[in-house]
Participant: 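Structure in structure tokens, see below.
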Protein chains: 2
Amino acid sequence: MMTSEKLANIIRGRGYKLTPQRRAVLRVIARSRDHLTPGAIYERVRKEHPGIGLVTVYRMLELLADLNLTCRVHTEDGCRSYLMRRPSGHHHHIMCTSCGRVVDFTKCDLSELQQRVSEKSGFKIEGHLLQFNGLCQECREKTGAGGPFRTGKVW
Amino acid sequence: MMTSEKLANIIRGRGYKLTPQRRAVLRVIARSRDHLTPGAIYERVRKEHPGIGLVTVYRMLELLADLNLTCRVHTEDGCRSYLMRRPSGHHHHIMCTSCGRVVDFTKCDLSELQQRVSEKSGFKIEGHLLQFNGLCQECREKTGAGGPFRTGKVW
DNA sequence: TATTAATTGAAAAAGATTTTCAATTAACTC
DNA sequence: GAGTTAATTGAAAATCTTTTTCAATTAATA
């Protein structure tokens, strides 16, 4: 688990100054289980740190992305939605389309598929993007939706 | 292969009017092997149909998306990039990160993985997003990059 | 405590997307 | 082919989102 303190140390360790504004942004993202847009982060940060500028939030998000400390979540309307990187290595997301909660999973053996796709297409494959979407347990209970396994909508 | 004529018939068949502007947008997207942003589509369409409004392009893109005739490609900077849906059913993309070319593939057996992920997470999984990224053969030859198979950058 | 380079925030600029509304036109009827 | 009608168009304005600029502030170090 990446505490906001650990993150702070990483930031400082890399030679960046640790300002109250940065701390506030860190806390907000680190604490959230959902993916948040820059605007949403700004709104939340303002509660603990009124007067912070939206620019500062954008700059912090850029910094975190550069340091590879955040992930992007892929939603249907756009992909400007951030999430603290929880497993630090290779991993993927399962996103709840109802509440936005994101859960991670690490084991994804796509190598066979990748090999086949590479051979057929002639591409040198450099990376992949894999994300599952669905309803988390909680939202499922709320809405009374059916069992956990169903193949349906495809992005 | 979805010709621009077939697409035109679908549009008309669903009760939408087929205007010269719509035809022009259709031609541009249907003809391209790359994914195009609304702005790029606008630029191209203007060459055959000067005077078309950017709004019209946006509206056409919305219509095509509603009719499920386009796909979205997921890029690192944002996902407002469209592509004619070529296999009409379930499929995925391999995108060239250099030239933007997109190639499709249909066989993706994720059911085992999906089953496991669903059980572990408690999610009712409704869909998935899978895309490979890399260098197409042509770009590979241009830049002299290595063989086709490499596991690297992960989105 | 003084120094210094990084950081901040207001404001403006730049972009992207959506809304509004009067004028135009594709599709249909006769 | 002309008339009717509802859908479509495009200019302009309104909204949002993101980036740039620059003077003032401040964290980190000595």
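A note on names: the letters A, B, ... follow the listed sequences, proteins ahead of strands, and every chain is numbered from 1.
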Participant: By side-chain contact (heavy atoms from CB on, under 4.5 Å), which residues pair with A/Arg80, not counting sequence neighbours?
Facilitator: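 Here the qualifying residues are A/Pro38, A/Arg72, A/Tyr82.
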Participant: Let me know the distance between OH of B/Tyr58 and P of D/dC16, rounded to the nearest Å.
Facilitator: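 Atom-to-atom, B/Tyr58 to D/dC16, this comes out as 16 Å.
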Participant: Just jot down the side chain to side chain donor-acceptor pair (under 3.5 Å) partners of A/Asn68, sequence neighbours excluded, or say none.
Facilitator: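 Per chain and number, A/Asn68 pairs via side chain to side chain donor-acceptor pair (under 3.5 Å) with no residue.
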Participant: For B/Ile11 and C/dA27, give me the distance from atom CD1 to atom C1', rounded to whole Å.
Facilitator: 15 Å
Participant: Can you name the side chain to side chain donor-acceptor pair (under 3.5 Å) partners of A/Asp66, sequence neighbours left out?
Facilitator: none
Participant: For the helix from C/dT1-D/dA30 to C/dC30-D/dG1, what is the angle between the axes at its two ends, each from 5 pairs, rounded to 10°?
Facilitator: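 Here the helix ends are tilted 40° relative to one another.
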Participant: If you measure from the Lys or Arg side-chain nitrogens to the Asp or Glu carboxylate oxygens, is any gap between B/Arg33 and B/Glu138 under 4.0 Å?
Facilitator: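 Answer for the salt bridge query: no.
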Participant: Taking the nucleotide of DNA chain C with the closest heavy atom to each, which residue, B/Leu54 or B/Arg12, is nearer the 5' end?
Facilitator: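 Checking each residue's closest nucleotide, the 5'-ward one belongs to B/Leu54.
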Participant: Counting only side-chain heavy atoms from C-beta out, which of C/dT18, C/dA10, D/dA28 sits nearest to A/Leu18?
Facilitator: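 For the A/Leu18 side chain, the nearest candidate turns out to be D/dA28.
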Participant: Side-chain atoms of residues 54-61 of chain B: list all donor-acceptor pairs with protein atoms under 3.5 Å, sequence neighbours left out, distances to 0.1 Å.
Facilitator:
none

Participant: Just to verify, what does A/Ser32 make a side-chain contact (heavy atoms from CB on, under 4.5 Å) with, not counting sequence neighbours?
Facilitator: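 Here the qualifying residues are A/Asp34, A/Leu36, A/Arg44.
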Participant: The criterion is side-chain contact (heavy atoms from CB on, under 4.5 Å); which residues satisfy it with A/Ile10, sequence neighbours excluded?
Facilitator: A/Met2, A/Arg14, A/Leu69
Participant: Find the distance B/His49:NE2 to C/dT25:P and express it as a whole number of Å.
Facilitator: 10 Å
Participant: Checking A/His93 now: which residues fulfil ring pair (Phe, Tyr, Trp, His ring centres under 6.0 Å) with it, not counting sequence neighbours?
Facilitator: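 Checked A/His93 against ring pair (Phe, Tyr, Trp, His ring centres under 6.0 Å); matches are A/His91.
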Participant: Do any N or O atoms of the protein come closer than 3.5 Å to N or O atoms of nucleotides 1-3 of chain C, and which pairs are they?
Facilitator:
none

Participant: To the nearest Å, how far apart are B/Arg14 CZ and C/dA27 P?
Facilitator: 17 Å
Participant: Below 3.5 Å between N/O atoms, which protein atoms pair up with nucleotides 7-9 of chain D? Just atom names and distances, please.
Facilitator:
residue, atom, partner, partner atom, Å
D/dT8, OP1, B/Lys17, N, 3.3
D/dT8, OP1, B/Arg22, NH1, 2.7
D/dT8, OP1, B/Arg22, NH2, 3.4
D/dT9, OP1, B/Thr19, OG1, 2.5
D/dT9, O3', B/Gln21, NE2, 2.8

Participant: Under a 4.0 Å threshold between the charged nitrogen and the carboxylate oxygen, would B/Arg46 count as salt-bridged to B/Glu43?
Facilitator: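 Salt bridge: yes.
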Participant: Send over the distance from B/Glu62 CD to C/dA16 P, rounded to a whole Å.
Facilitator: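 Computing the B/Glu62:CD to C/dA16:P distance gives 18 Å.
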Participant: Rounded to whole Å, how long is the line connecting atom CZ of A/Arg23 with atom C1' of D/dT26?
Facilitator: 14 Å
Participant: Between C1' on C/dA27 and CG on B/Asn9, what's the gap in Å once rounded to a whole number?
Facilitator: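 Taking atom C1' of C/dA27 as the reference, CG of B/Asn9 is at 15 Å.
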Participant: To the nearest Å, give me how far apart CG (B/Leu61) and P (C/dT18) are.
Facilitator: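 Going from B/Leu61 (CG) to C/dT18 (P), I get 10 Å.
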Participant: Using the test disulfide (SG to SG under 2.5 Å), find all partners of A/Cys108 that sit at least two apart in sequence or belong to another chain.
Facilitator: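 A/Cys108 satisfies disulfide (SG to SG under 2.5 Å) with no residue once adjacent residues are dropped.
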Participant: Can you sort out the partners of B/Gln137 under side-chain contact (heavy atoms from CB on, under 4.5 Å), two or more places apart, ordered by chain and number?
Facilitator: B/Arg140, B/Glu141
